[in-house]
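Order of the sequence lines sets the chain letters (A, B, ...), proteins ahead of strands, with each chain counted from 1.
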Amino acid sequence: MDRKQVIRIGVLVLAYVLLGNARSIQPNPFIPGANIAVNMFVPVLAGVLFGMRAGILVGVLGTFLTALTPAGSVFEWLAIIPHGIMGGIAGHLRGKLPSPIVACSLIVGHVLNLVMFISFNAMQTSMLTGALLYGLLYETFMGVVALMLVAGIYRLAGGTD
Amino acid sequence: MALSPHPKVWQILSGIFVVLTILFALCYYFSTLFVTFMIGVALIILVQKLKNDYSKRMSKYQLSKARRRLYGGLLAAFWIIVFIVLFSNSVAQMRIAITSLSVDQSVALAYFQQLRAQVPTVFVDWVPWENLVKTAETRFLAMIRTVLSSMSSIVFNGILIIPLMFFTYFKKRKAIMHEVVNSVPKKFHASMHKAMHAMTSELHDFLRAKITESVIVGSLCCFGFFVAGVKGWLLLGILAGFFNLIPYLGPILGAIPALLFAILDGPTVALYVLITLVAAQIVDNFYLLPFMISSKVRMNALLSIVLILVGAKVLGIAGMIFAIPVFIVYKIVLRDTHNALAKIYR
C-alpha cells in the first residue's frame, strides 16, 4: 500500500469519525428515537473510489474508532464487521457496475447490522416492522445521494480513482 | 518575438489598448450585468466539465445517444431537486436562528454587560465602545442592504441572461467564432484565430482552476459546518466557497457570516467553525494553490500578486477578482496584434 493510499484511507477514517459525532444529525422520520447514520456511506465511498482494501479498512477502522468516541454505543461495536464487509463489497463491484448501483451496497450494510444486533440481543425481532424497513430505505437513499455528491466533487477536483 | 521599431505598429496598439480599456470601463459601469455574465461563464465551464465526465463514464455502456441524454437529463433534474430541498432547509434553519436571536437579545445584552465589567476601566474609558458598536452596526446593516440589493438584481438578470448564454454557447459557439474571425481583413484571419484560441484556452484554464478551488473550499466548509452543527450549514458553506474567489480578503468575508451564526449557538460551535475555516484555508494555500491551481494558470506568482494589488487599488474587490482575467485578455490581444502587425510593417 503506497503513501497516497494510506493518506486517502486516513482522511476517510477521520471523515467517518467526525460525521459519526456530527451535531447536525437529523432524526430518521420513520424510526422513532433513531438518527440517520450519515457516516455509513463513507466505507462505501472508499470502496467505490479506491477499491476493496480501502473500503474494508475504512469500514472496520472508522467504526472501531467511532465506537471509542462519545457517540459510540453497543450498536457501533456490533457494526464493525458489517461495515467492513459493506465497504469490501462496494470495492469489489467498483468498475463492474455504475456507481449509484454500487452505492446500494449500503443495504447490505444495514441488513448485516440488523443480523448482528438481533444475534447479540441488542435489538428484538419484534422491532422488524414496516416502519423500520422504510427508515432503512430512506437512510440508504440519503447515503446514495451523499456518496454521489462527494464522489462527483472529488472527480471534479481532478481526483483519481 | 522582438519588439517592432515601426511607429505605425505602436499607434495601432495604443488604439487597441484604449478601446479595450473603454470596454472594461463599460463593464465596470454596468457591473451588475458584468457579474451576471461572469457567473454565466462560470456555470457554463462547470456544466461543460460535468458533461465531459458524464460522456466519458457513459461511453463504457453501449447506450444510444437518446438514452444517454435521457439519463443525463434525469440525473440533472434529480440533483437540482436535491439542491433545492437542501438549500430551502438551510434557509429555514437560518431564519429560525435569526428569529430566536431577537428573543435572546436581552440575554446577549446582559452577557455583554457582564463581559464589559471584566475589562479594566482604563481600557473601557479609552475605547468609545458605544460609538464603535453603533458605527459597526450601521455599516454592517448598510453593507447587508447593498449586498442584498445587488444580489437581487444579479438573480433577476441571471434568470434572463444565463439560459440564453447556455443556448448560445452549446448551439452557436462555432458560428459566432467564425463570424468574429471573418470580421477582420483576410490577412489577419490566422492571427485572429490563434489569438481567440489562446485567449479562450487561458481564460478557461484560469476560471476552471478558480471554480475548482471554490468548490473544494466550499465543500470542506459545508462538511465542517455540518459536523459543528451550525444552522444553515449548506448556505454558509456555499458562501464561504464563493467568497474564496476574492483573493486575500475573500476567506475573511466568507468567515464572517458563518462565525456570526455559530456564535448564536454557543462558543463551542464557534470554535469548531473557526477550526473548519482555518483547515479549509490550510488545504487551499498548501495543497490547492501550489499543486492544482499554479500548474493550470500559466502566470508568475509575483506578477499575479502585483496585478491583484493594482486591481484592488483601482477598483476595490471587483478589481481583485477580475485583475488576472483582464490581464490575460490584454496580454493576448496586444501580443498577437503586435506579432501580426510586425510581420506587415517591417
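- With no hydrogens or angles considered, a side-chain donor-acceptor pair links A/Thr69 and A/Asn21 at under 3.5 Å.
- If you run side chain to side chain contact (heavy atoms under 4.5 Å, CB included) between B/Val217 and each of B/Thr212, B/Asn244, B/Leu277, only B/Asn244 comes through.
- Interface residue B/Leu46: only side-chain heavy atoms are found under 4.5 Å from chain A.
- Looking at A/Val150, neither its backbone nor its side chain comes within 4.5 Å of chain B, counting heavy atoms on both sides.
- Counting only N and O atoms by type, the side chains of A/Tyr16 and A/Thr63 include a donor and acceptor under 3.5 Å apart.
- A/Thr125 OG1 to A/Leu114 CG: the interatomic distance, rounded to the nearest 0.5 Å, is 11.5 Å.
- The stretch residues 71-91 of chain B places B/Phe78, B/Trp79, B/Val82 near chain A, each with some heavy atom under 4.5 Å from a heavy atom of that chain.
- Ranking B/Val227, B/Asp53, B/Leu50 against chain A, the residue ahead of the rest is B/Val227, based on heavy-atom pairs under 4.5 Å.
- Shortest non-hydrogen contact noted between A/Gly109 and A/Met40 is C-CE, 4.0 Å.
- Taking all atoms of both residues into account, the shortest heavy-atom contact from A/Val48 to A/Ser99 is CG1-OG, 4.0 Å.
- When all heavy atoms are compared, the tightest approach of A/Val44 to A/Val102 is CG1-O, 4.2 Å.
- Taking every heavy atom of both residues into account, B/Leu259 and B/Ala270 meet most closely at CD2-O, 3.8 Å.
- For the set A/Gly20, A/Gly152, A/Pro98, the count of heavy-atom pairs under 4.5 angstrom toward chain B peaks at A/Pro98.
- For A/Ile153, the part lying near chain B is the side chain, with the backbone staying farther off; criterion is any non-hydrogen pair under 4.5 Å.
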